[in-house]
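A quick write-up on the structure given underneath.
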Amino acid sequence: MKITPGAYCYPGTAMENKTGGWRTFMPVFDYNKCIRCAICEVACPDMCIHPDPATANDKGKCLYKADYDYCKGCGICANECPKDVITMTLEEK
Amino acid sequence: MAVNPNDKSKMSVVEGSYASAHAAKVARPQVISAYPITPQTHIVEELSQFMADGDIPGCEYINVESEFSAISALIGASAAGARTYSATTSQGLFLMHEALFNASGMRLPIVMTVVNRAVGAPINIWNDQQDSIAQRDSGWIQIYAEDTQEAADMVLQAFKIAEDKSVLLPIMVCMDGFVLSHVYEPVVLMDQKEADEFLPPFKPDVYLDPKNPMSFGTLGDPSVYTEFRYSQEQAMKNALTVIEKAADDFKAVTGRYYGGLIEGYSLEDAEVVIVSFGSLLGTIKDVVDEYRANGEKIGVLKVRAFRPFPTEAIANALKNAKAVVVVEKDISIGRNEGALFTEIKAGLYNTPARTPIISYMVGHGGRDIRPSHIKEIIEATKKVAETGKIEVESQFNEVKEELL
Amino acid sequence: MSDNKPFNLLTAGHNGCAGCCDALAAKYVLMAVGPDCIIVNPTGCLEVMTTPFPRTAWNVPWIHSLFENGAAVASGVEAALIAMGRKGNTKIIGMGGDGSTMDIGIGALSGAFERNHDITYVCIDNEAYMNTGVQRSSGTPFGASTTTSPAGSKSYGNNTNKKDMPAIMVAHGSPYVATTSIGYANDMMKKVKKAADTVGSTYIHAHAPCPTGWGFDSSKTIEIAKLAVDCCLWPLYEIENGEVTSVKKIKDPKPVEEYLKSQSRFKHLFKMEGGDKEVEKIQQLADKNIAKYGLDK
């Protein structure tokens with residue numbers, strides 16, 4: 001890494017910082033209840049819940065997966081999910 | 001005078017402020033942002049009139065609500081890739097203080113004319129050099145102009161120096177308030193064609209652009225901050241050469257030359273040298289001419305660049321003198337010296353030259369400096385040259401005891 | 001594994017707290033505005049947590065200068081793009097906290113809006129100077145305990161009301177001013193897009209509950225944001241060209257107590273003698289909002 005004039009940074013480089021190590025609890029999904037509303041994706045402050053395109057139904061709606069490289073275990077997704085799909089579970093390390 | 005006095009046909013009698021505003025205009029600025037403060041006001045007023053008459057195509061002029069916003073707007077504009085210009089003075093410059101460091105750290109080549117004025121308290125609108133001197137740590141290049149022609153021409157050179165890829169630092173062109181800003185003199189107004197020949201368009205490598213989304217002004221923690229400061233210092237070092245080159249290039253295009261980092265006047269065999277910067281040099285040179293007519297070996301060292309400080313050039317220029325006196329219009333309260341003296345003295349300390357060097361702080365708050373004052377100063381310095389003894393190292397040249 | 005990460009305009013990997021309100025606010029602004037924008041971000045949590053050199057979480061052009069000059073820097077960016085003929089549809093978005101917007105930066109903000117630069121300014125209001133340790137700002141609500149307006153044996157916490165920033169920006173002649181909440185993401189995104197698409201200086205005030213500063217579990221950020229709206233302490237409205245054009249109605253306003261009890265910054269009100277009188281004053285603030293904006297009609 002070299003410094004830049006005036007300390008400008010190249011875009012998206014924060015992804016080198018895997019914040020998954022921060023968490024104590026991790027979101028666990030019970031997809032049986034999932035209605036594919038995407039509220040969990042919208043509610044995540046760390047942009048680490050994403051649709052899984054392999055699960056797309058005939059309307060194009062997907063199931064959602066957490067990116068555990070970055071998930072800080074805040075629990076907002078579990079709190080906001082209207083169908084209690086997500087349970088914050090103590091992570092076994 | 002760097003201008004051929006026989007070039008009368010090319011000259012116009014204009015106010016110093018007009019000449020500088022005209023120079024800023026032909027430099028093809030893209031964003032101007034300034035807040036009025038005496039005695040800079042005529043510069044911004046002239047620029048406003050140029051804008052109103054459509055004389056600066058491709059330029060936006062922001063009538064900001066404070067000097068702090070003026071420089072901040074230019075930080076944004078410069079980061080977006082625009083060539084930027086402002087002008088300010090004294091209290092306004094101080095209001096910008098935080099942003100000055102910010103602009104330099106972000107390596108933005110902003111050009112600003114600083115019309116030198118005393119700082120309050122007590123409030124005082126007349127000329128001294130305290131304002132720009134007090135910003136010497138900010139990482140801005142500082143060039144001091146002797147007359148209105150130089151002040152105007154420096155605006156063009158300033159853009160060239162600042163925008164040089166090995167420099168990329170903001171730059172202050174300093175001109176004495178009222179003495180230069182409000183005086184009417186014959187000057188050669190910078191020709192647009194010559195300006196375009198001398199100064200190519202500003203083409204930064206990186207700028208705010210949705211097609212290439214970079215983050216500017218990020219956080220530098222202890223593991224990297226030192227290297228940023230080091231690289232700014234390296235840029236200042238590069239500026240030593242770039243300033244000289246810009247002066248040479250300007251001469252090649254216009255025929256006008258004011259010296260690079262420094263300029264000697266009657267310096268070659270001088271035994272007593274008087275060092276100064278700014279418009280005071282006009283009076284000093286006249287007095288020295290009189291001494292020379294009488295066969296006395298007095299010389300003048302004009303300091304143009306204060307930052308980067310031309311340590312080597314100054315040490316070299318002064319090495320043969322028997323005594324040196326630094327005359328300046330500022331003071332560091334608590335040190336009883338002006339900054340030019342302190343820095344020249346420090347610059348000589350580790351050299352073999354042990355020339356006695358003294359200082360007179362003059363003209364604070366716009367107090368008039370007459371040829372008689374300069375004569376007194378030269379006489380005192382001659383005594384130091386004769387005896388090799390310094391009685392008083394640094395002093396005010398005139399203190400009215402009856403007021404104390 | 002990292003090569004197949006989906007693309008976000010604000011990426012994962014920022015250093016915001018778990019449950020960070022600023023991250024959500026910035027996320028919704030970017031989702032509304034899209035990639036053709038330039039973000040101007042004064043000093044604060046959002047700036048510090050997203051840009052530790054050499055890493056940045058922003059996939060849009062972004063600039064930070066100082067704490068109190070966000071709006072001035074945005075003015076300069078706008079002028080530069082216009083001067084260089086590069087403005088196009090690029091949206092210039094200032095995004096600052098309540099500290100930099102309402103207090104130290106209000107002068108620059110006022111100047112920018114008076115000149116009517118084509119910018120949108122979003123205030124992310126988490127009701128204190130969070131990045132420096134939860135000190136009070138002019139956005140800190142009545143009765144909240146912060147580190148410089150703490151509850152104590154002689155104090156019920158902050159004893160001033162929130163500065164009415166939307167009204168101030170309307171007074172500048174802004175064509176579009178709206179209040180939003182990160183609890184109502186779709187509403188916020190709609191309003192941010194409207195503000196960005198409106199020519200001239202437009203203002204969005206985004207209410208943003210901070211788990212660290214307000215004292216609640218990180219999972220409750222959105223829930224508490226909704227509560228603030230649902231108890232009418234934070235009404236959601238749009239003011240266009242000086243007229244209120246939309247209001248989110250609250251059919252059965254919740255009592256403020258439910259909202260206050262959910263955060264430890266108000267817990268002293270339920271422990272101290274006379275605290276109940278302070279809670280009543282807060283309820284009156286909510287009732288005033290109901291009357292003023294016709295929230296329950």
Side-chain angles (χ1 to χ4, degrees), chain B residues 28-33 35 56-84 86 96 98-99 101-103 105-106 108 110 201-202 206-221 223-225 227-228, chain C residues 9 15 34-43 47-92 94 105 107-112 114-115 117 119:
Chain B
R28 301 199 187 274
Q30 290 163 304
V31 179
I32 300 172
S33 172
Y35 191 78
I56 322 185
C59 181
E60 289 288 304
Y61 186 109
I62 313 178
N63 262 322
V64 282
E65 74 293 346
S66 83
E67 287 90 349
F68 185 75
S69 287
I71 186 72
S72 300
L74 294 190
I75 287 171
S78 187
R83 175 173 283 163
T84 53
S86 188
M96 294 181 176
E98 186 188 2
F101 284 70
N102 192 261
M106 286 179 72
L108 299 171
I110 297 169
F202 176 44
V206 186
Y207 52 92
L208 290 167
D209 180 12
K211 294 192 208 77
N212 185 24
M214 307 290 281
S215 292
F216 289 76
T218 62
L219 182 139
D221 71 20
S223 71
V224 295
Y225 185 89
E227 282 64 32
F228 285 109
Chain C
L9 294 177
N15 288 327
D36 192 6
C37 68
I38 297 177
I39 304 293
V40 180
N41 195 176
T43 311
E47 166 259 325
V48 168
M49 78 195 207
T50 53
T51 58
F53 182 89
R55 294 188 305 270
T56 175
W58 302 89
N59 266 322
V60 290
W62 180 96
I63 179 169
H64 159 254
S65 168
L66 295 162
F67 189 21
E68 66 279 51
N69 69 1
V73 174
S75 303
V77 173
E78 187 243 24
L81 293 187
I82 292 172
M84 297 185 293
R86 262 192 231 151
K87 177 80 168 55
N89 276 327
T90 304
K91 308 296 181 198
I92 295 155
L109 185 63
S110 174
E114 179 272 319
R115 295 186 298 271
H117 289 275
I119 62 174

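Proteins come first, then strands; the chains are lettered A, B, ... in the order of their sequence lines, and each starts at number 1. This one's a predicted model, so the numbers in the text were calculated from it and none came from an experiment. When reading the values below, keep in mind they use all heavy atoms of this one structure, side chains included, and skip hydrogens, waters and symmetry mates.
Taking every heavy atom of both residues into account, B/Pro213 and C/Pro61 meet most closely at CB-N, 3.3 Å. Closest approach of C/Val77 to B/Gly76, counting heavy atoms only: CG2-O, 3.5 Å. Of all heavy-atom pairs spanning C/Ala79 and B/Ile62, the tightest one is CB-CD1, 3.6 Å. Here the closest heavy-atom approach between residue B/Gly217 and residue C/His64 is recorded as O-ND1, 2.8 Å. Of all non-hydrogen atoms in B/Pro210 and C/Asp36, the two that sit nearest each other are CG-OD1, 3.5 Å. Of all the heavy atoms in B/Ser215 and C/Trp58, the pair that sits closest is OG-CB, 3.8 Å.
Using a 4.5 Å cut-off between heavy atoms, C/Glu78 does not touch chain B at all. Contact annotation for B/Ala99: both backbone and side-chain heavy atoms come within less than 4.5 Å of a heavy atom of chain C. Only the side chain of B/Tyr207 has a heavy atom closer than 4.5 Å to any heavy atom of chain C. Of the atoms belonging to B/Val224, it is side-chain heavy atoms, and not backbone ones, that fall under 4.5 Å from chain C. For C/Arg55, no part lies near chain B; criterion is any non-hydrogen pair under 4.5 Å. Of the two parts of C/Asn59, only the backbone, made up of N, CA, C and O, holds a non-hydrogen atom closer than 4.5 Å to a non-hydrogen atom of chain B. Of the two parts of B/Met106, only the side chain, counted from C-beta on, holds a non-hydrogen atom closer than 4.5 Å to a non-hydrogen atom of chain C.
Note: B/Gly81 leads B/Gly105, B/Gly81, B/Gly220 in heavy-atom pairs under 4.5 Å with chain C. The most heavy-atom pairs under 4.5 Å with chain B, out of C/Ile38, C/Ile63, C/Asn41, come from C/Ile63. Heavy-atom pairs under 4.5 Å with chain B peak, among C/Leu81, C/Ile39, C/Thr56, C/Thr90, at C/Thr56. Listed options C/Pro35, C/Ser75, C/Ser110, C/Ala108 were ranked by heavy-atom pairs under 4.5 angstrom with chain B; first place goes to C/Ala108. The residue among B/Lys211, B/Met214, B/Glu98 with the most heavy atom pairs within less than 4.5 Å of chain C is B/Glu98. For the set B/Val31, B/Ile75, B/Leu208, B/Asn212, the entry with the most heavy-atom pairs within less than 4.5 Å of chain C is B/Leu208. With chain B as partner, the option from C/Glu114, C/His117, C/Arg86, C/Glu47 having the largest number of non-hydrogen pairs under 4.5 angstrom is C/Arg86.
In this structure, B/Asp221 places its CG atom where more than 12 heavy-atom neighbours from other residues, nucleotides or ligands lie under 6.0 Å away. Heavy atoms of other residues, nucleotides or ligands lying less than 6.0 angstrom from CZ of B/Phe101 number more than 12.
Put simply, OG on B/Ser66 and CD on C/Glu68 are 9.5 Å apart, with the number rounded to the nearest 0.5 Å. Rounding to the nearest 0.5 Å places CG of B/Leu219 at 13.0 Å from CE of C/Met49. Here CZ of B/Arg83 is found 12.0 Å from CE of C/Met84. Values are rounded to the nearest 0.5 Å.
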